[in-house]
Amino acid sequence: MAGTNSSKIGVLVMSYGTPVSMEDIEPYYTHIRRGNPPSPEQLAELTERYEAIVGGVFPLRENTDRQVQGLQEVLDRLAPGTYKCYQGLKHAKPFIEDGVEEMAADGIREAVGIVLAPHYSIMSVGSYIKRAKETAEAKGLKLASVEEYHLHPKLIAALADRVKTALKLFGEEVRPADVKVLFSAHSLPERILQMGDPYVKQLLATSEAVAEAAGVSDWQFTWQSAGRTHEPWLGPDILDTMQSLQTEGVKYILSAPIGFVSDHLEVLYDLDIEAKAFAKNLGIHFERIEMLNTDPFYMEALAESVMAARNGRD
Ligand SMILES: CC1=C(CCC(=O)O)c2cc3nc(cc4[nH]c(cc5[nH]c(cc1n2)c(C)c5CCC(=O)O)c(CCC(=O)O)c4C)C(CCC(=O)O)=C3C
Ligand SMILES: [Fe+2]
């Protein structure tokens with residue numbers, strides 16, 4: 001049995017994490033809030049949002065499991081017997097640290113970390129990688145990392161394909177040119193702008209590349225899912241943007257949440273329930289592109305990024 005895993009390169013696949021059950025929402029939320037438990041009102045509000053989208057399993061958990069498995073399959077095809085994937089979550093078990101420890105326990109000496117989020121921000125991908133590197137160092141494991149893949153040609157192709165497909169959801173009478181495509185991503189506190197963070201620039205670059213590949217000329221980028229804290233968050237928010245678009249006479253909106261890769265709360269609730277109802281009130285027909293989940297092109301973009309990072313210097 002010796003050496004079956006220890007000769008492999010570990011791949012730490014990192015994702016946000018989601019609760020395992022309704023009872024688990026409180027400890028999960030407390031972890032997101034760096035150990036400060038939410039107020040009863042905050043907890044009730046988040047629980048209601050999850051109740052609206054969860055039918056049994058929390059969708060992000062299933063999707064992350066499938067994405068890790070899908071990446072393993074592509075890596076096995078491209079480089080048989082070379083890589084072994086492990087999961088590491090930011091706010092739920094198995095935590096990022098657990099994933100690195102599991103690799104170390106399997107005898108793995110060399111690994112690559114990648115986050116299931118294509119755009120780099122110090123507050124998102126940067127913090128995942130920092131935690132992974134700290135544990136790897138403590139365990140004597142060499143860890144390279146993929147910092148971004150927001151312009152990977154296969155990611156752009158997969159997203160453009162989804163935009164083109166979704167433009168047909170408005171019906172035959174509606175010309176694609178009459179539809180406003182609204183790219184969006186998770187807002188972050190405005191102070192990232194003073195930190196020289198590449199997040200905004202990368203999101204605009206992805207939006208532009210996808211619009212071009214899909215032949216879309218009428219598009220805009222907007223933020224969504226801002227936190228409810230006292231500091232200012234990046235705007236405009238998607239609801240405000242839709243309000244302005246309505247006054248400009250826009251009747252059809254295609255939502256393209258390119259900052260996310262899975263069906264989860266920010267998509268299934270914030271867009272499909274909240275934004276859709278808001279649009280309906282404005283008399284706007286609102287549709288959304290399908291999320292990437294285990295899209296084969298997305299899985300290949302991840303696999304190629306992992307292989308490139310392994311061959312790279314860091
Ligand atoms: C940049 C970014 C991404 C995208 C990149 C990435 O994927 O990493 C992302 C994804 C996600 N965010 C998620 C869930 C939540 N995020 C929260 C709160 C926060 N998000 C933040 C940032 C991000 N979040 C920040 C700065 C906060 C404030 C607290 C803090 O400073 O950390 C809260 C608290 C309540 C609320 O504010 O709504 C929840 C429940 C889920 C899981 C959904 C599910 O379970 O289906 C996913 C994929
Ligand atoms: Fe979040």
Side-chain angles (χ1 to χ4, degrees), residues 13-22 24-39 41-65 67 87-93 95-96 113-132 146-150 183-193 195 197-200 202-203 206 223-234 237 257-274 291-293 302:
V13 189
M14 293 176 275
S15 176
Y16 202 84
T18 191
V20 283
S21 65
M22 290 298 163
D24 190 34
I25 295 174
E26 185 165 13
Y28 170 74
Y29 203 173
T30 303
H31 193 274
I32 292 176
R33 295 166 48 86
R34 294 159 224 272
N36 299 310
S39 69
E41 295 74 31
Q42 287 171 317
L43 179 61
E45 201 254 2
L46 184 59
T47 303
E48 262 174 47
R49 285 161 67 207
Y50 275 115
E51 274 168 353
I53 65 151
V54 171
V57 186
F58 283 63
L60 182 58
R61 191 156 295 271
E62 274 188 312
N63 285 322
T64 302
D65 289 348
Q67 285 169 327
Q87 207 176 113
L89 307 177
K90 194 177 187 191
H91 294 300
K93 284 183 205 163
F95 288 104
I96 291 168
I114 188 164
V115 182
L116 297 174
H119 307 87
Y120 185 92
S121 164
I122 303 162
M123 290 186 72
S124 64
V125 171
S127 81
Y128 289 80
I129 293 175
K130 183 164 176 277
R131 281 170 57 185
V146 176
E147 303 225 318
E148 70 213 26
Y149 46 90
H150 66 291
F183 295 105
S184 64
H186 202 298
S187 179
L188 281 176
E190 254 176 41
R191 64 188 147 87
I192 66 157
L193 299 178
M195 298 158 87
D197 199 84
Y199 190 59
V200 181
Q202 292 190 1
L203 285 160
T206 301
W223 298 101
Q224 63 165 93
S225 314
R228 296 155 183 86
T229 61
H230 295 296
E231 65 179 329
W233 287 62
L234 295 169
D237 182 79
I258 47 146
F260 303 113
V261 296
S262 292
D263 284 304
H264 54 52
L265 193 69
E266 276 77 355
V267 174
L268 301 173
Y269 189 90
D270 297 353
L271 295 175
D272 291 4
I273 297 178
E274 192 178 35
M291 299 311 287
L292 293 174
N293 294 316
L302 292 175

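As the structure lists them, so they are numbered: ligands from 1, and atoms in each ligand from 1.
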S.K.: Can you give me the closest heavy-atom contact between His91 and Tyr28, atom names plus distance?
M.R.: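 Scanning both residues completely, I find the closest heavy atoms to be O-CD1, 3.4 Å.
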
S.K.: What protein heavy atom sits nearest atom 36 (C) of ligand 1, and how far away is it?
M.R.: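 Result: Arg228 NH1, 3.8 Å.
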
S.K.: Could you name the option among Tyr120, Phe58, Tyr16 that has the heavy atom nearest to atom 17 (C) of ligand 1?
M.R.: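 Heavy atom nearest to atom 17 (C) of ligand 1 belongs to Tyr16.
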
S.K.: Can you tell me the protein heavy atom closest to atom 12 (N) of ligand 1 and the distance?
M.R.: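 Result: Glu266 OE2, 3.0 Å.
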
S.K.: Is the contact between His264 and ligand 1 made by the side chain, the backbone, both, or neither, using heavy atoms and a 4.0 Å cut-off?
M.R.: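 Both parts.
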
S.K.: At a 4.0 Å threshold, what atoms of ligand 1 neighbour a non-hydrogen atom of Leu265?
M.R.: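 This gives 43 (C), 44 (C), 46 (O) as the contact atoms.
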
S.K.: Aromatic ring centroids of Tyr16 and His264 under 6.0 Å?
M.R.: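 For Tyr16 and His264, the ring centres are not under 6.0 Å apart.
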
S.K.: What atoms of ligand 1 come within less than 4.0 Å of a heavy atom belonging to Leu46?
M.R.: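 The atoms of ligand 1 under 4.0 Å from a heavy atom of Leu46 are 40 (C).
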
S.K.: How close does the nearest protein non-hydrogen atom get to atom 44 (C) of ligand 1, and which residue and atom is it?
M.R.: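 Result: Tyr50 OH, 3.3 Å.
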
S.K.: So, for Leu60 and Gly17, which heavy atoms are closest and what is the spacing to 0.1 Å?
M.R.: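 Here Leu60 and Gly17 meet closest at CD2-O, 3.8 Å.
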
S.K.: N/O of His186 under 3.5 Å from N/O of ligand 1, yes or no?
M.R.: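 Yes; the residue has a nitrogen or oxygen that sits under 3.5 Å from a nitrogen or oxygen of the ligand.
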
S.K.: Would you mind checking which non-hydrogen protein atom is closest to atom 5 (C) of ligand 1, with the distance to 0.1 Å?
M.R.: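 For atom 5 (C) of ligand 1, the nearest protein heavy atom is Ala117 CB, 3.9 Å.
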
S.K.: Using a distance-only test with no angle check, is there a side-chain donor-acceptor pair under 3.5 angstrom linking Ser225 and Glu266?
M.R.: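 No, Glu266 and Ser225 have no side-chain donor paired with an acceptor closer than 3.5 Å.
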
S.K.: Is the shortest heavy-atom distance from the side chain of Leu116 to the side chain of Ser262 under 4.5 Å?
M.R.: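 SC-SC contact between Leu116 and Ser262 ruled out.
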
S.K.: OG1 of Thr30 to CG of Leu43: how many Å apart, nearest 0.5 Å?
M.R.: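 Taking OG1 in Thr30 and CG in Leu43, the distance rounds to 8.0 Å.
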
S.K.: Go through ligand 1 atom by atom and flag the ones less than 4.0 Å from a non-hydrogen atom of Leu188.
M.R.: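 Heavy-atom distances to Leu188 below 4.0 Å select 1 (C), 22 (C), 26 (C).
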
S.K.: At a non-hydrogen distance cut-off of under 4.0 Å, which region of Arg49 contacts ligand 1 (side chain, backbone, both, or neither)?
M.R.: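 Side chain only.
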
S.K.: Quick one: pull up OH in Tyr199 and CD1 in Ile122 and give me the separation to the nearest 0.5 Å.
M.R.: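 The distance works out to 12.5 Å.
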
S.K.: So do Pro38 and Leu46 actually touch side chain to side chain, heavy atoms under 4.5 Å?
M.R.: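 Sidechains of Pro38 and Leu46: no contact.
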
S.K.: Look at the side chain of Tyr128 and the backbone N and O of Leu89, then say whether any donor-acceptor pair between them is shorter than 3.5 Å.
M.R.: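 Looks like no, no N/O pair under 3.5 Å.
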
S.K.: Which heavy atom of the protein is the closest neighbour of atom 34 (C) of ligand 1, given with residue, atom name and distance?
M.R.: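 For atom 34 (C) of ligand 1, the nearest protein heavy atom comes out as Tyr29 CE2, 3.4 Å.
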
S.K.: Could you check which of Asp263, Leu116, Ile32 puts a non-hydrogen atom nearest to atom 29 (C) of ligand 1?
M.R.: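 Comparing heavy atoms across Asp263, Leu116, Ile32, the nearest one to atom 29 (C) of ligand 1 lies in Ile32.
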
S.K.: For atom 8 (O) of ligand 1, which candidate among Phe260, Trp233, Tyr128 provides the closest heavy atom?
M.R.: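 Minimum heavy-atom distance to atom 8 (O) of ligand 1 goes to Tyr128.
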
S.K.: Would you tell me which option among Arg34, His119, Met123 has the nearest heavy-atom contact to atom 31 (O) of ligand 1?
M.R.: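 Checking each option, the heavy atom nearest atom 31 (O) of ligand 1 is found in Arg34.
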
S.K.: Give the numbers and elements of all ligand 1 atoms closer than 4.0 Å to a heavy atom of Thr18.
M.R.: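 Per the distance check, 44 (C), 45 (O), 46 (O).
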
S.K.: May I ask you to decide if Tyr120's main-chain N or O and Glu147's side chain share a donor-acceptor pair within less than 3.5 Å?
M.R.: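 The answer is no, because no donor-acceptor pair under 3.5 Å joins these two groups.
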
